[in-house]
Amino acid sequence: MNNVQHMTRLVVGVLGLALLGLLAQVVLQSYPLRVFMVMGISVIFVTSLGLSNGFTGVFSLGHPGFIAIGAYVSGILTMGMEKKLLYLPDLPAWLSGIELNFLSATLIAGAVAAFIAWTVGIVLMRLSGNYVSVATLGLMIIINVVIVNAETFTRGSRTFTGIPAHTNIWWVLGWVGVALFVLGRVAYSSIGRAMRATREDVIAAQAMGIDVLPVRLIGFTVGAFFAGVGGALYGHYLVSFSPTTFYLAMMITQLTMLVLGGQNSLTGAVLGVVVVSILSEVLRNLERGFSIGGWQFLEMFGASQILLGLIFILVMVFRPQGILGSYELSFFQPRNQLRGD
Amino acid sequence: MTNLEYILQQIINALSIGGLYALIAVGLSIVFSILRLTNFAHGDMMMIGAYGTILANQAGLPFELAVCGGVFVACIIGIIIERVAYRPVRGATEVTTLLTSVALTYILENLGILLFTSSPRNFPLPFWLDGMVKTPFESLSLNYITVLTLATTLLALIFLGWFVKYTRTGLSMRAVAEDLTAAYLMGIDVNRVIVIAFVLASGFAGLAGVLWAAQAGVVEPLMGFTPLLKAFIAAIIGGFGSIPGALLGGFVLGGLEVLIQGLPADWGLSPYRDALVFLLLIFFLLFRPNGLLGVKTEVKL
């Protein structure tokens, strides 16, 4: 593919996102607009999770940990000074005296998450199979315990609040664009090819001269960077949250999205987010109770989660590769290349 | 409290929590050794056992029978989830089966919330369990529940050891764990063995759930998750897939937790207990992935 085509694609992508944002702002009411924003943030979460879990085959369960790091870091950095005195009175001077703008706070949030992923990844990425899943789950719990105990910075298990509501549809769509662009570039580069090779067969990949550790580490770190960025966006969207926001329920929702859409493709991850978000929105309304032809169904809290879980299992049984498998829109592939799937 | 009493007390605490971890971890290990399945839904059998006991008790059964009822329900649910969820994904990759079990946990826990609400319920204890054992040491606190936990755990583990070692089914179980296909070709009914493994594992977890609830005094739908994670650590420390390993791992973990809890307060480490034990897990996965007692597995090309 030549440069002109490449530029065209980039322009089309940017224009498409801009159009989507305008459309959403004009058409959607305040509540659906919020759902749409969460969907966008979830796209960042799930596509970044897909890079490590789907492309490198290192199935991490620790993503909510990095999201939490992003949310807390950016929350601390952007909180107004008077609010800091109120909510985080014991903050050290170098933190209580600063109040950053949203963009730099988001970037720092992503960088901190990526740095932590890099350092623990050097150790964790040596594991494979279900061991790496259990270990990354452990990492998520360690991060949770640290957040609960670091009360000076995080208010412990109490609600972390006082964060400015910076997140709007343009920030979300802008970061969605950046995330999809970068993830696409990484996933369909020579490193991306090495990632898929190590996923399919570690020993064969090594025999072909691929150094497994750095390849996995890049996937894990880039994924964590966008988890941190998405966490910052999510934090400034929620305005107040607690450590339990970034725990098991979040992990399962994201896994369902990723697995349903197809973890070996970015298109699949986006599709999974859209399907699961719409589905859970519909189910959430049904949960409050409804009536069909005289039959009155009472409120059933938890029923939507049960149905999501069932869908998850059905996908695992009948289509473990997800709806799209490894099909990818050519839009995400920067260069024409053999994908080797 | 004298030094001796303090040490004795800590040992009792370590044994009672370690025994529970061991009871949960053996179930994980049995299932893992046969199916290479990391079974997250195992912890929810604790919840099922405990709620089953409450329901049976409310239905009029005396406590002792209600416990059997609860454990029985856990076994039945174990059989059902094996049939409907795990059998269809048998032979799929480790990650696929692991994810299936994660989804199952999610379903079971939310089912628990739907049926019993998420607020904790009191666990009904018969009056004869409500008391302290008289010991020569005055300040030593040893209640009947702790003694019962220790005794039940010990009995259950002895039963398991006997079952696996001296019965025909136990022998087939070990054969299937060694090599599923070869065992199948030798005429062993693999499906039957797997069902029995799930019955054992779920029953043990159900029993652990009852004992856990008896110690905590309350039952809630999410009660199984933290013990399950601890049991993972125990099983992996001991050597995932090995029954003696799971026992050893359970008691080692129980001892370590009590030790961390007992560290001087000004070190500030005790609130980080769960983080520390998970660090230990990661350490083990890196440097001794086969655990203390596990056998080394070779990679076949």
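Chain A is the first sequence line, chain B the second, and so forth, proteins listed ahead of strands; every chain is numbered from 1.
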Atom [atom1] of residue position [X] - does it have more than 12 heavy atoms of other residues, nucleotides or ligands inside 6.0 Å?
X        : atom1 : value
B/Tyr272 : OH    : yes
A/Phe115 : CZ    : no
A/Arg319 : CZ    : yes
A/Glu151 : CD    : yes

Notebook entry, point to check: Side chain, backbone, both or neither: which part of A/Ile141 has a heavy atom under 4.5 Å from chain B?
Noted result: side chain
Item checked: Side chain / backbone / both / neither for A/Leu307 at chain B, heavy atoms under 4.5 Å -> neither
Region of [X] that comes under 4.5 Å of a non-hydrogen atom in chain A:
X        : result
B/Ile236 : side chain
B/Phe284 : neither
B/Leu98  : side chain
B/Val95  : side chain
B/Leu286 : both
B/Leu281 : side chain
B/Leu276 : neither
B/Leu229 : side chain

Margin query: I'd like to know if the side chain of A/Asn149 and the backbone of B/Pro271 have a donor-acceptor N/O pair within less than 3.5 Å.
Written below: yes
For residues 133-140 of chain A, please give each side-chain donor-acceptor pair under 3.5 Å, one per line with the distance, not counting sequence neighbours.
residue  : atom : partner  : partner atom : Å
A/Ser133 : OG   : A/Phe59  : O            : 2.9
A/Thr136 : OG1  : A/Leu61  : N            : 2.9
A/Thr136 : OG1  : A/Val132 : O            : 2.7
A/Thr136 : OG1  : A/Ser133 : O            : 3.0

Checklist line | From B/Thr96 atom OG1 to A/Gln321 atom CD, the distance as rounded to the nearest 0.5 Å | finding: 10.0 Å
Note to self: Counting heavy-atom pairs closer than 4.5 Å to chain B, which one of A/Val317, A/Ile143, A/Asn130, A/Val315 comes out on top?
What the structure shows: A/Asn130
Output the option from [options] having the highest count of non-hydrogen pairs under 4.5 Å with chain A.
options                                : answer
B/Ile282, B/Val102, B/Asp274, B/Leu99  : B/Leu99
B/Tyr106, B/Phe40, B/Phe232            : B/Tyr106
B/Ile233, B/Val277, B/Leu104, B/Leu285 : B/Leu285

Notebook entry, point to check: Does some side-chain heavy atom of A/Leu248 sit less than 4.5 Å from a side-chain heavy atom of B/Thr105?
Noted result: no
Notebook entry, point to check: Which pair of non-hydrogen atoms, one from A/Gly309 and one from B/Ile107, has the smallest distance, and what is that distance?
Noted result: C-CD1, 3.4 Å
